[in-house]
Novice: 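The structure is given below, and queries will be raised subsequently.
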Amino acid sequence: MCCAVCPDPADCTASMQAALDSPAIRTIVFAAQTWITQPLHFTQNDTTLVFAPGALVLAKAGADANIFDELGLSPGQWAAQCGATVASS
């Protein structure tokens, strides 16, 4: 399990993608903070995303609003499954 944090509040893409890319991590817990990101790509199977209560995921201004498009779910659908909030910045 890994607890992801974002050192750059203006763009969390790199830290989120690094956690998704790690072959050693199967469960990623995203801290209760605002996560502004560009589209992310899933490179591992069987990865579980957990969003702490209060986590807010925002598409970076100008980025595709469906930042988890590879899941095949709308932002509202995956947010409901993860307990996260999704909006555009």
Side-chain angles (χ1 to χ4, degrees):
M1 182 181 309
C2 166
C3 293
V5 293
C6 177
D8 179 6
D11 190 344
C12 297
T13 307
S15 58
M16 293 179 83
Q17 191 63 58
L20 291 170
D21 290 346
S22 174
I25 301 170
R26 289 288 168 243
T27 301
I28 305 166
V29 179
F30 292 95
Q33 67 180 72
T34 299
W35 296 85
I36 297 175
T37 186
Q38 297 178 45
L40 297 164
H41 305 284
F42 289 82
T43 56
Q44 310 286 332
N45 289 326
D46 300 323
T47 299
T48 301
L49 306 180
V50 178
F51 291 88
L56 175 65
V57 180
L58 298 174
K60 187 170 174 103
D64 183 347
N66 195 354
I67 53 177
F68 288 106
D69 192 44
E70 292 183 25
L71 292 176
L73 302 171
S74 73
Q77 289 172 317
W78 78 257
Q81 290 183 8
C82 297
T85 301
V86 181
S88 294
S89 61

Novice: Please name the pair of heavy atoms, one in Ala52 and one in Ala31, separated by the smallest distance, quoted to 0.1 Å.
Specialist: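 The pair with the smallest heavy-atom distance is CB-C, 4.0 Å.
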
Novice: So which atom in Ile36 and which in Lys60 form the shortest heavy-atom distance, rounded to 0.1 Å?
Specialist: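 Closest approach of Ile36 to Lys60: CG2-CA, 3.7 Å.
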
Novice: Would you name the heavy atoms of Thr47 and Ile25 that are closest together and state the gap between them?
Specialist: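 Of all heavy-atom pairs spanning Thr47 and Ile25, the closest is OG1-O, 4.3 Å.
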
Novice: Where does the angle between the aromatic ring planes of Phe30 and Phe51 fall among parallel (under 30°), tilted (30 to 60°) and perpendicular (over 60°)?
Specialist: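 Ring orientation of Phe30 relative to Phe51: parallel.
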
Novice: Calculate, to the nearest 0.5 Å, the distance between atoms SG and CD belonging to Cys12 and Gln17 respectively.
Specialist: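 Rounded to the nearest 0.5 Å, the SG-CD separation comes out at 13.0 Å.
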
Novice: Can you name the closest pair of heavy atoms from Pro9 and Pro7 and give their distance?
Specialist: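 Closest heavy-atom pair between Pro9 and Pro7: CD-O, 3.4 Å.
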
Novice: Check the pair Leu20, Leu49 against side chain to side chain contact (heavy atoms under 4.5 Å, CB included), reporting the backbone distance first and the verdict last.
Specialist: CA-CA 9 Å; Leu20 291 170; Leu49 306 180; 3.7 Å; yes

Novice: What are the two closest non-hydrogen atoms of Ala19 and Ile28, and how far apart are they?
Specialist: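 Minimum heavy-atom separation between Ala19 and Ile28: O-CD1, 3.5 Å.
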
Novice: Return the minimal non-hydrogen interatomic distance between Ser15 and Cys6, and the atom names on each side.
Specialist: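 The pair with the smallest heavy-atom distance is OG-CA, 3.8 Å.
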
